[in-house]
Amino acid sequence: MKTVFAEDSTLYRFGSWLANLFILNTLWALFSLPIFTIGASTTAAFYVGQHWARGKEPPIWEKFWTSFRQNFMQATLIWFFFGGVGFMLLVNIQALFTSGSAGTILSTLQIVAFCELALGAVYAFSLLARFHMKTGDCLRSSFLMIHRHLQTSVSILALLIVLLWLAFRWPSLILLAIALFVWGVSFLQIKVFARYEHDSIDWALPQ
């Protein structure tokens, strides 16, 4: 007779899933502490998440560290680009909100630009986790894919907004939020990225 704690039970699988999310979230947080390493740790998190999306259960630490080490330089350059532009947009938005109705219109445009930048960062780090690409090609491809796969992009943005709202309501969710986002995005992107498997871009994940 199968018990609720058997390895093939729903409760056991759910508990294992939560534990894996917590481990990945903790690794991301620890490796992001120097701030300038956020890009590398995010890429490494996506590397693990993309294995999950393909139905695999990899050793989380091993895969995370492999990607963090191999993609460190590129991911850091990409993070500096998105972080720098994002900071300038946030400063502009804050300033424009205090400048009346005209500022409100401009600030709305800036918010749209910030959302596009956030999506670009998601695509860039997940692309870097999945393919061997030059830094410039990764940045260019990330912005092209936002509009080429608009339905997926809107779903990613919606997932981000929902998780931010839930984390605001229940702060303890921060213990899982990043890993949940990575897990969700990896599943949303799996069919999108599969279209590019046979392009000139090298396949980065082990078969």
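If you're wondering where the values come from, they're calculated on a predicted model, not measured in any experiment.
- Between the side chain of Ser142 and the backbone N or O of Leu139 there is at least one donor-acceptor pair closer than 3.5 Å.
- Not one N or O on the side chain of Ser32 forms a donor-acceptor pair closer than 3.5 Å with the backbone of Ala29.
- Rounding to the nearest 0.5 angstrom, the gap separating the CD atom in Glu57 from the CG atom in Asn20 is 6.5 Å.
- Evaluation of the ring-ring contact (aromatic ring centres under 6.0 Å, His included) rule for Phe143 yields Phe82 as partners, not counting sequence neighbours.
- For Ser126 (side chain) and Phe46 (main-chain N/O), no donor-acceptor pair under 3.5 Å exists by modelled atom type.
- Taking a 4.5 Å side-chain heavy-atom cut-off between Ile, Leu, Val, Met, Phe, Trp and Tyr, the cluster of Phe87 extends to Val91.
- For Asn71 and Ser67, the side-chain atoms include at least one donor-acceptor pair closer than 3.5 Å.
- When hydrophobic clusters are built by joining Ile, Leu, Val, Met, Phe, Trp and Tyr residues whose side-chain heavy atoms come closer than 4.5 Å, directly or via intermediates, Leu90 is grouped together with Phe80.
- The OG atom of Ser141 sits 11.5 Å away from atom CG of Leu128, with the distance rounded to the nearest 0.5 Å.
- Hydrophobic clustering keeps Val112 apart from Met88 (ILVMFWY residues linked when any side-chain heavy atoms are closer than 4.5 Å, directly or through intermediates).
- With sequence neighbours left out, the side-chain hydrogen bond (donor to acceptor under 3.5 Å, both in side chains) criterion links Gln74 to Thr135.
- Taken from CD1 in Ile78 to OG1 in Thr43, the straight-line distance is 6.5 Å, to the nearest 0.5 Å.
- Taking all atoms of both residues into account, the shortest heavy-atom contact from Glu116 to Ile146 is O-CD1, 3.4 Å.
- Taking all atoms of both residues into account, the shortest heavy-atom contact from Ile156 to Gln189 is CD1-NE2, 3.9 Å.
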Could you list the donor-acceptor pairs under 3.5 angstrom formed between side-chain atoms of residues 168-178 and any protein atom two or more places apart in sequence or on another chain?
none

* Would Trp183 and Gln50 count as a side chain to side chain contact (heavy atoms under 4.5 Å, CB included) if you check the C-alpha gap in whole Å, the side-chain angles of each, and the deciding distance to 0.1 Å? -> CA-CA 8 Å; Trp183 175 78; Gln50 288 166 5; over 6 Å; no
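- Under the 4.5 Å side-chain contact rule for hydrophobic residues, Ile190 and Trp52 do not share a cluster.
- Aromatic pair Phe193/Phe131: centroids less than 6.0 angstrom apart.
- In plain terms, the two heavy atoms of His149 and Tyr123 that are nearest each other are O-OH, 3.7 Å.
- Of all non-hydrogen atoms in Gly86 and Phe114, the two that sit nearest each other are O-CE1, 3.8 Å.
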* For Leu180 and Leu21, what are the C-alpha separation, side-chain angles and deciding distance, and is it a side chain to side chain contact (heavy atoms under 4.5 Å, CB included)? -> CA-CA 7 Å; Leu180 269 172; Leu21 288 177; 3.7 Å; yes
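- Thr42 pairs by the side-chain hydrogen bond (donor to acceptor under 3.5 Å, both in side chains) definition with Trp28, not counting sequence neighbours.
- For an aromatic pair to be called close, the ring centres must be under 6.0 Å apart, and Phe68 with Tyr47 fails this.
- When side chains are defined from C-beta on, Phe81 does not count as touching Leu77, because their heavy atoms never get closer than 4.5 Å.
- Note that CG of Asp137 and CG of Leu127 are 10.5 Å apart. Values are rounded to the nearest 0.5 Å.
- Gln151 CD to Leu188 CG: the interatomic distance, rounded to the nearest 0.5 Å, is 9.5 Å.
- When hydrophobic clusters are built by joining Ile, Leu, Val, Met, Phe, Trp and Tyr residues whose side-chain heavy atoms come closer than 4.5 Å, directly or via intermediates, Leu144 is not grouped with Phe125.
- Expressed to the nearest 0.5 Å, how far CZ of Arg140 lies from CE of Met145 amounts to 13.0 Å.
- Shown here for Ala53 and Ser186, the closest heavy-atom pair between the two residues is CB-O, 3.6 Å.
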* Asked: Yes or no on ring pair (Phe, Tyr, Trp, His ring centres under 6.0 Å) for Phe31 and Phe64, after CA distance, side-chain angles and deciding distance?
  -> CA-CA 10 Å; Phe31 278 77; Phe64 185 95; 5.2 Å; yes
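- Counting Ile, Leu, Val, Met, Phe, Trp and Tyr side chains that sit under 4.5 Å apart, directly or through other members, Leu150 shares a hydrophobic cluster with Val154.
- Each of Val182, Leu27, Leu24 was scored for a side-chain contact (heavy atoms from CB on, under 4.5 Å) with Val48, with one residue passing: Leu24.
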* Passes side chain to side chain contact (heavy atoms under 4.5 Å, CB included), Trp61 versus Ile23? Steps please. -> CA-CA 8 Å; Trp61 160 249; Ile23 292 169; over 6 Å; no
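- By the 4.5 Å heavy-atom criterion applied to side chains, Arg148 and Val192 are not counted as neighbours.
- Pairing each heavy atom of Ser41 with each of Ile38, the nearest pair is OG-O, 3.0 Å.
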